[in-house]
Amino acid sequence: MREQSRTCCFTGHRPEKLPWGTDEGDPRCRMLKKKLYDAVEAAYGEGMRHFICGMARGCDFYFAEAVLALRAERGDVSLEAAVPCPTQADSWPAEDRARWRRILDQCDLETMVQHSYTPGCMLRRNRYMVDHSALVIAVYDGTSGGTRRTLEYALRRKVPFLDIDPLGGC
C-alpha cells in the first residue's frame, strides 16, 4: 500500500497561527481548504496515491479531509495517520477530539510513532512523515515553529515540497 515514490505527506499550522482561528466559515479558510484539495488532486495527478497526515488540529484536519474527499472520488487513494503518541488529542476541546477520532476511523493505516508522550514526539512524527514521502504539501506563513522545522528537514533530505501561503497564492 505504501510506496515512498507514491507517498505525499503534509505539514501546516494549527488554528492559533491562522488569522481566522477556528472559524472555518471564514472565506479565507474556505479558500485555503480549496487550495489544499487542489494540491492533493495535483499530487494525485503526479502519481501520489498514499497520503500521510500528522493528525494535528487545524490544517492537518483540512488536509486529511481533502484526501478523504479525493478517496471518495477515486478508489485508489489511501490515508495514513501518523500519530505522535496515544495522548495526542487528550487535552483538546471535545469537538476537536471527536473530529480527530472521525478522521482516524477513516484512515487506511495508523502509525503510532511512539507509545508515550515526550517533548520530542512531534518532531519524531514529522521526520517519520518526511522520511516516508516523495513530496510534502505545506501550509506555511514563514513563521518559526514545527512547520518550519519540518520544511527545513525536508530540504536537508532533498524531499520537494509545495508551500501554500494561508493568505496568498501558492
Side-chain angles (χ1 to χ4, degrees), residues 1-4 6-18 20-22 24 29 32-33 36 39-40 43 48-71 77-159 161-164 166:
M1 175 163 55
R2 174 178 45 182
E3 181 182 324
Q4 184 169 349
R6 296 165 50 97
T7 299
C8 172
C9 71
F10 175 80
T11 186
H13 297 307
R14 290 176 178 81
E16 294 78 17
K17 279 201 170 180
L18 300 170
W20 54 84
T22 59
E24 294 184 36
C29 183
L32 175 60
K33 287 181 178 185
L36 262 175
V40 167
M48 301 297 149
R49 296 297 182 269
H50 186 70
F51 296 84
I52 308 174
C53 178
M55 298 300 292
R57 294 168 52 247
C59 292
D60 280 29
F61 285 173
Y62 308 163
F63 171 79
E65 290 163 349
V67 172
L68 292 170
L70 184 65
R71 186 177 74 186
V77 171
S78 60
L79 178 61
E80 176 181 354
V83 180
C85 64
T87 58
Q88 178 182 24
D90 286 1
S91 66
W92 296 352
E95 183 179 313
D96 288 335
R97 286 194 315 270
R99 188 175 186 182
W100 181 83
R101 175 50 55 197
R102 276 193 310 274
I103 293 169
L104 193 61
D105 288 347
Q106 295 178 74
C107 287
D108 301 283
L109 177 65
E110 178 183 342
T111 301
M112 188 65 61
V113 177
Q114 60 185 58
H115 295 289
S116 62
Y117 174 82
T118 64
C121 69
M122 304 302 172
L123 174 67
R124 251 179 121 188
R125 182 255 337 256
N126 295 344
R127 288 184 173 187
Y128 165 84
M129 293 191 306
V130 171
D131 289 343
H132 290 85
S133 297
L135 175 67
V136 177
I137 295 174
V139 170
Y140 178 56
D141 65 3
T143 59
S144 64
T147 300
R148 179 184 203 145
R149 286 190 296 275
T150 302
L151 292 177
E152 289 169 349
Y153 183 72
L155 282 170
R156 287 195 304 275
R157 302 285 298 173
K158 296 183 174 38
V159 177
F161 62 87
L162 168 64
D163 181 11
I164 300 172

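What's counted below: heavy atoms across the whole structure, side chains too, no hydrogens, waters or symmetry copies. By convention here, the first residue in the shown sequence is residue 1.
When only modelled atom types and interatomic distance are considered, Ser78 and Asp108 share no side-chain donor-acceptor pair under 3.5 Å. A donor-acceptor contact under 3.5 angstrom links the side chains of Gln114 and Thr118, judged on distance only.
Partners of Ala39 according to the side chain to side chain contact (heavy atoms under 4.5 Å, CB included) rule, which considers only residues two or more places apart in sequence or in another chain, are Ile137, Leu162, Ile164. Under the salt bridge (Lys or Arg N to Asp or Glu O under 4.0 Å) criterion, Glu16 pairs with Arg57, sequence neighbours left out. Remark: Phe51 engages no residue in a ring-ring contact (aromatic ring centres under 6.0 Å, His included) (not counting sequence neighbours). In this structure, the side chain to side chain contact (heavy atoms under 4.5 Å, CB included) partners of Cys107, at least two apart in sequence or on a different chain, are Leu79, Ala81, Ile103. Ser116 meets the side chain to side chain contact (heavy atoms under 4.5 Å, CB included) test with no other residue; sequence neighbours excluded. Gln4 is linked by a side-chain hydrogen bond (donor to acceptor under 3.5 Å, both in side chains) to nothing, counting only residues two or more places apart in sequence or in another chain. Residues satisfying the side-chain hydrogen bond (donor to acceptor under 3.5 Å, both in side chains) test with Arg99, not counting sequence neighbours, are Glu24, Glu65. Among residues two or more places apart in sequence or in another chain, the side chain to side chain contact (heavy atoms under 4.5 Å, CB included) test is passed with Thr111 by Arg2, Glu80, Leu109, Tyr128. For Arg101, the side-chain hydrogen bond (donor to acceptor under 3.5 Å, both in side chains) test picks out Asp105, with sequence neighbours left out. For Arg148, the side-chain hydrogen bond (donor to acceptor under 3.5 Å, both in side chains) partners at least two apart in sequence or on another chain are Glu152.
Of all the heavy atoms in Thr147 and Val139, the pair that sits closest is CG2-O, 3.7 Å. Closest heavy-atom contact between Phe63 and Val40: CE1-CG2, 3.6 Å. Residues Met129 and Gly54 approach most closely at SD-N, 3.4 Å, considering heavy atoms. In this structure, Ala134 and Met48 approach most closely via the heavy-atom pair CB-CE, 4.0 Å. Asp60 approaches Cys53 most closely through the heavy-atom pair O-SG, 3.3 Å. Here the closest heavy-atom approach between residue Gln106 and residue Arg71 is recorded as O-NH1, 2.8 Å.
At least one donor-acceptor pair closer than 3.5 Å links the side chain of His13 to the backbone N or O of Asp141.
For the pair Thr150 and Phe161, the minimum side-chain heavy-atom distance is 4.5 Å or more. Counting heavy atoms from C-beta outward, Pro86 and Tyr117 have side chains that stay 4.5 Å or more apart. Side-chain contact between Cys85 and Cys121 is present, with at least one heavy-atom pair separated by less than 4.5 Å. Under the 4.5 Å side-chain criterion, counting only non-hydrogen atoms from C-beta, Leu104 is in contact with Glu110. Contact annotation: the side chain of Phe10 approaches that of Cys59 to within less than 4.5 Å [non-hydrogen atoms, C-beta and beyond]. A heavy-atom distance below 4.5 Å is found between the side chains of Val130 and Val136.
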* **side-chain contact (heavy atoms from CB on, under 4.5 Å) between Thr11 and Leu151, worked out** => CA-CA 8 Å; Thr11 186; Leu151 292 177; 4.1 Å; yes
* To do: Determine, stepwise, if the pair Ile52 / Thr7 fulfils side-chain contact (heavy atoms from CB on, under 4.5 Å).
  => CA-CA 7 Å; Ile52 308 174; Thr7 299; 3.6 Å; yes
* To do: With side-chain contact (heavy atoms from CB on, under 4.5 Å) as the test, would you mind laying out the steps for Arg6 and Arg49 before giving the verdict?
  => CA-CA 6 Å; Arg6 296 165 50 97; Arg49 296 297 182 269; 2.9 Å; yes
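Residue pairs satisfying the salt bridge (Lys or Arg N to Asp or Glu O under 4.0 Å) criterion with at least one member in residues 129-138, sequence neighbours excluded, are listed as follows: Asp131-Arg157. Identified under the side-chain hydrogen bond (donor to acceptor under 3.5 Å, both in side chains) test for residues 81-91, with sequence neighbours left out: Gln88-Trp100.
More than 12 heavy atoms of other shown residues, nucleotides or ligands fall within 6.0 angstrom of atom CZ in Arg97.
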